[in-house]
There are 2 protein chains.
Amino acid sequence: MTAAANGRADEADAGSRLLAAELTTEIEFLTARARAIGSSRANTLLAPLGLKVRSYAVLSLACSGLNPSQRELADFLSLDPSQIVALVDQLEQRRAVTREQDPRDRRSKGITATDEGVRLHDEARNAIRRAEAESLAPLDTGEREQLRALLRRIAFDAAE
Amino acid sequence: MTAAANGRADEADAGSRLLAAELTTEIEFLTARARAIGSSRANTLLAPLGLKVRSYAVLSLACSGLNPSQRELADFLSLDPSQIVALVDQLEQRRAVTREQDPRDRRSKGITATDEGVRLHDEARNAIRRAEAESLAPLDTGEREQLRALLRRIAFDAAE
DNA sequence: TATTGTTATACTCTATAACTATA
DNA sequence: TATAGTTATAGAGTATAACAATA
């Protein structure tokens with residue numbers, strides 16, 4: 001996780017007296033904790049499909065119609081190219097995606113989903129949405145959209 | 001983070017055409033990315049102090065005046081007790097914290113900061129605040145407080 | 001000479017189980 | 001019998017460097 005599995009994420013005792021500590025006001029800490037809770041739930045619900053948040057992200061981008069190269073996937077997901085190789089290997093072995101050599105640059109391989117990959121992605125997206133609904137249970141609809149908008153700006157405006 | 005170091009976190013090309021993908025609307029993905037950016041910055045700024053986000057969290061709780069036991073630290077930080085041992089070992093070796101046996105339950109050890117630990121924590125907290133300011137640069141003050149409040153509810157209301 | 005994908009390797013982080021001392 | 005801390009170990013995740021094919 002980064003988007004790694006974290007099976008212990010929701011074991012913390014939220015009623016703990018340590019909630020009074022200053023640490024709980026720091027965004028860095030809160031973000032890490034929210035991510036751990038979210039990844040844990042997402043990985044649990046993705047497990048029956050043989051996916052994790054990492055492979056789901058690759059599959060999702062393969063289904064986007066944007067035909068990303070492995071290099072683009074690595075840059076966009078902030079993963080090393082060698083990790084993308086392993087993730088694409090897994091998805092390719094189960095016939096969810098294909099590597100297609102770019103005729104204009106034969107070094108580059110576009111990753112696209114097969115019909116089976118699209119089916120798998122539909123199921124996985126439902127799992128992700130269930131996980132999201134559980135993780136965001138304390139927030140109402142408007143607050144969820146607020147959070148989404150704020151996170152999106154941090155995730156993609158800050159890096160430039 | 002997990003709050004692990006992620007040196008590649010902010011290398012993604014935010015101007016990428018992949019921004020159009022549906023994936024970028026999913027909270028799970030955005031949270032993981034925000035955490036990676038935040039942890040990366042925080043770890044970079046903590047490195048000169050010989051700390052990471054993990055050890056900083058333990059030090060911070062040791063400085064809270066709440067005198068947490070290792071078991072409480074493990075529960076609250078969602079870490080395995082054996083990982084707490086290693087983190088406290090490191091901090092104890094540099095004389096930043098002490099283990100004190102609880103006289104009412106001699107199995108339990110309360111972790112408290114030394115004067116040196118408090119000094120280290122003051123420096124580290126400044127580093128964390130600088131990291132936070134950088135990570136949240138796209139947001140104004142009101143939006144930062146909004147985000148803090150939303151994350152706090154997810155981090156601590158959801159787990160019950 | 002630089003870049004894409006690939007392989008290999010080492011390192012960190014995380015999960016699990018067993019042990020001890022206390023309760 | 002159960003719990004706090006500890007130790008040891010294996011697995012997953014991550015970083016780094018080197019290589020072949022292509023540009």
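Here is the naming used below: chain letters follow the sequence lines, and residue numbers restart at 1 for every chain. Nothing here was measured: the structure is a model prediction, and the numbers come from that model.
A search for side-chain hydrogen bond (donor to acceptor under 3.5 Å, both in side chains) contacts involving Asp102(A) returns nothing, not counting sequence neighbours. With sequence neighbours left out, the side-chain hydrogen bond (donor to acceptor under 3.5 Å, both in side chains) criterion links Gln101(A) to no other residue.
In this structure, CG of Leu73(B) is placed 13 Å from P of dA4(D), rounded to the nearest angstrom. In this structure, CD of Glu100(A) is placed 19 Å from P of dT4(C), rounded to the nearest angstrom. Nucleotide dC13(C) holds its C1' atom 12 Å from the CD atom of Gln90(B), rounded to whole Å. One atom, CG of Leu87(A), and another, P of dG5(C), lie 14 Å apart when rounded to the nearest Å. For the pair Lys109(A) NZ and dT3(C) C1', the computed distance is 14 Å after rounding to whole Å. Put simply, CD on Glu72(A) is 14 Å from C1' on dG5(C), counting in whole angstrom units. Rounded to an integer number of Å, the gap from Ile84(A) CD1 to dT7(C) C1' is 16 Å. For the pair Asp80(A) CG and dT4(C) P, the computed distance is 13 Å after rounding to whole Å.
The side chain of Ser82(B) lies closest to dT7(D), out of dG5(D), dT6(C), dT7(D). Among the nucleotides dT14(D), dT16(C), dT6(D), the one closest to the side chain of Arg54(A) is dT14(D).
The 5' end of DNA chain C is approached more closely, in terms of each residue's nearest nucleotide, by Ser108(A) than by the other of Ser108(A) and Asp89(A).
One finds a salt bridge joining Asp122(B) and Arg125(B) here, because a Lys/Arg side-chain nitrogen approaches an Asp/Glu carboxylate oxygen to under 4.0 Å. A salt bridge does not link Glu132(A) with Arg129(A): none of the charged nitrogens is closer than 4.0 Å to a carboxylate oxygen. With respect to Arg95(B) and Glu116(B), no salt bridge is recorded, no charged nitrogen being found less than 4.0 Å from a carboxylate O.
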Short N/O separations, protein against nucleotides 20-23 of chain C, under 3.5 angstrom:
from    : atom 1 : to        : atom 2 : distance (Å)
dA23(C) : OP1    : Arg106(B) : N      : 3.0
dA23(C) : OP2    : Arg106(B) : NH2    : 3.3

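Considering all non-hydrogen atoms of both residues, Leu18(A) and Glu72(B) come closest at CD1-O, 3.8 Å.
Distances shown here put every side-chain N or O of Gln83(A) at or beyond 4.0 Å from the OP1 or OP2 atom of dT6(C). Contact between the side-chain N/O atoms of Lys52(A) and the OP1/OP2 oxygens of dA12(D) is not found at any separation under 4.0 Å.
Atom-to-atom distance recorded for Glu123(A):CD and Leu51(A):CG is 9.5 Å, nearest 0.5 angstrom.
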